[in-house]
Student: 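Input: one structure, supplied below.
Here is the naming used below: chain letters follow the sequence lines, and residue numbers restart at 1 for every chain.
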There are 2 protein chains.
Amino acid sequence: MIQIMKKEQQERKKQLHSMGSRATPGRLEVLSVLEKADRPLNVEEIKKRLKGDSLDQATVYRIINALRDGGLIRQIDFLKTHAYFELSDKHDHHHLICVQCQKIEDFTGCNFQSIVQKALKNSKQFKTVTQHSLELFGLCNTCSKK
Amino acid sequence: MIQIMKKEQQERKKQLHSMGSRATPGRLEVLSVLEKADRPLNVEEIKKRLKGDSLDQATVYRIINALRDGGLIRQIDFLKTHAYFELSDKHDHHHLICVQCQKIEDFTGCNFQSIVQKALKNSKQFKTVTQHSLELFGLCNTCSKK
DNA sequence: TTGCATGCAAATTTTTTGCAGCCAG
DNA sequence: CTGGCTGCAAAAAATTTGCATGCAA
């Protein structure tokens, strides 16, 4: 287990370096928090889950922005006023969100390659797509019974 | 032209009533602003485009939330800290967004019915999807040359 | 008439910024 | 070393709330 953790750490460091950033304890810990999370977290939630609330809020914001711009984490839209984040290496995985109780379920297989190809084929101003967002909103079984 | 405008007004009023809301001048005007917009707008932009900046900011927020919850407008995630909105009746239409210069291009044909069916088939907690978000992020031709 | 909508002002929440000191590379 | 990171404190931006008044249905 410890071995695995170390490998993951190494992997994170490489990723940070490849995006031209330094592998500081703060950044590694934010990544670790998101690694353990079972759902996307907002900035406040990330901050609270850090060991002893250790990082300054300004730092958390700066880290989040750097990681997002570097592509290590992904911003999710839950129709809230502020953003949520998750690791972007959980391959091609998206969410079903209940607009009533906010329940979140993952789903995979959005087959977006064909969507991207189609979109780019018809586009005059774009030739590459580096990321995408896809969320489905509805009512979960519990809420739809009410 | 005036005839057409009146028809649209009537349509809007019906939509508002069907979501259990009153058809006030403010709400109709917000819808009209979004109707004329060539791209999704944030709350501040909507407020500025109202005749003479007529509505209070608190009111604009309350209107936006009501229209979104009622399904008349759609919230778009541009990876910003705050949300953007557009009319939801522009059928099944999404965006290509340049992460560098924020250029926005529309694209259609996301064929999401098959995605939704697939997701629901594998879901234990959901049986219906009422809305979806799909945005593609990348670099536009101009920015990718830099 | 009557309860939903709005304006106004204030509070709260969320995000950003300047600057000095620190540490990963 | 040294330039990127961070903490601290303060400011700015975005969103919400309470209450009195007004208007759509």
Student: Expressed as a whole number of angstroms, how long is the span from A/K80:NZ to D/dA14:C1'?
Tutor: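 Distance check: A/K80 NZ to D/dA14 C1' gives 16 Å.
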Student: Could you tell me whether the phosphate oxygens of C/dT6, OP1 or OP2, come under 4.0 Å of any side-chain nitrogen or oxygen in B/R27?
Tutor: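 It does, given that an N or O in the side chain of B/R27 lies less than 4.0 Å from OP1 or OP2 of C/dT6.
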Student: OP1 or OP2 of C/dT13 less than 4.0 angstrom from a side-chain nitrogen or oxygen of A/T81, does that happen here?
Tutor: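 Checking C/dT13 against A/T81, no side-chain N or O comes under 4.0 Å of OP1 or OP2.
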Student: Can you name the closest pair of heavy atoms from B/C101 and B/C98 and give their distance?
Tutor: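 Scanning both residues completely, I find the closest heavy atoms to be N-SG, 3.4 Å.
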Student: In whole angstroms, how far is the P atom of D/dT6 from the CD1 atom of A/I64?
Tutor: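 Answer to the nearest Å: 12 Å.
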Student: Calculate the interatomic distance between A/D69 atom CG and C/dT16 atom P; express it in whole Å.
Tutor: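 Rounding to the nearest Å, CG of A/D69 and P of C/dT16 are 11 Å apart.
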Student: Could you check which of C/dT16, C/dA24, D/dA14 has an atom nearest any side-chain atom of A/N65?
Tutor: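 Given the options C/dT16, C/dA24, D/dA14, the side chain of A/N65 is closest to C/dT16.
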Student: For B/V30, run the side-chain contact (heavy atoms from CB on, under 4.5 Å) check against B/I73, B/I46, B/V43, B/T59 and tell me which one passes.
Tutor: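 Looking at B/I73, B/I46, B/V43, B/T59, the match for B/V30 under the side-chain contact (heavy atoms from CB on, under 4.5 Å) is B/I46.
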Student: From D/dT16, C/dT15, C/dT17, pick the nucleotide closest to the side chain of A/H82?
Tutor: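 For A/H82, the side-chain atoms sit closest to C/dT15.
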Student: Hey, which sits more toward the 5' end of DNA chain D by its nearest nucleotide, B/P25 or B/Y61?
Tutor: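 Taking each residue's closest nucleotide, the earlier one in sequence belongs to B/Y61.
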Student: Using a 4.0 Å heavy-atom cut-off across all strands, classify B/Q57 as base, sugar-phosphate, or nothing.
Tutor: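 Base contact.
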Student: Classify B/A23 by what it touches in the nucleic acid, base, sugar-phosphate, or nothing, heavy-atom distance under 4.0 Å.
Tutor: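 Sugar-phosphate, no base atom in range.
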Student: Without decimals, in angstroms, what is the distance between A/D56 CG and C/dG18 P?
Tutor: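 One finds 16 Å between P of C/dG18 and CG of A/D56, rounded.
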Student: Tell me the interatomic distance from B/K13, atom NZ, to D/dA24, atom P, rounded to whole angstroms.
Tutor: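 Rounding to the nearest Å, NZ of B/K13 and P of D/dA24 are 9 Å apart.
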Student: Nearest nucleotide by nearest heavy atom, which residue falls closer to the 5' end of DNA chain C, A/V43 or B/L55?
Tutor: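 This one resolves to B/L55.
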Student: Just compare C/dT14, C/dG7, C/dA24 and give me whichever is closest to any side-chain atom of A/T24.
Tutor: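 So the nucleotide nearest the side chain must be C/dA24.
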Student: Measure from the side-chain N and O atoms of A/R74 to the backbone N and O of A/H132, and report whether any donor-acceptor pair falls under 3.5 Å.
Tutor: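 Yes.
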Student: Between A/T59 and B/N42, who's closer to the 5' end of DNA chain D by nearest nucleotide?
Tutor: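 Its nearest nucleotide being more 5', the pick is A/T59.
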Student: Let me know the distance between CG of A/L67 and C1' of D/dC5, rounded to the nearest Å.
Tutor: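 For the pair A/L67 CG and D/dC5 C1', the rounded distance is 13 Å.
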Student: Round to a whole Å and report the spacing from CD1 of A/I63 to C1' of C/dT16.
Tutor: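 For the pair A/I63 CD1 and C/dT16 C1', the rounded distance is 15 Å.
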Student: I'd like to know if A/R22 reaches the base of D/dC5 with its side chain such that a donor and an acceptor end up less than 3.5 angstrom apart.
Tutor: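 Side chain to base: no pair present.
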Student: Answer with yes or no whether A/R62 presents, from its side chain, a donor or acceptor under 3.5 Å of a partner atom in the base of D/dG7.
Tutor: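 In this structure, the two groups form a donor-acceptor pair.
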Student: Does this structure show an ion pair linking B/R49 with B/E45, if we count only N-O contacts that are shorter than 4.0 Å?
Tutor: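 Result for this pair is no, no salt bridge flagged.
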Student: May I have the distance from B/E29 (atom CD) to C/dA5 (atom P), rounded to whole angstrom?
Tutor: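 Distance check: B/E29 CD to C/dA5 P gives 17 Å.
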Student: Give a yes or no on whether a salt bridge exists between A/E105 and B/K124, defined as a side-chain N under 4.0 angstrom from a carboxylate O.
Tutor: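 Looking at A/E105 and B/K124, the cut-off is not met.
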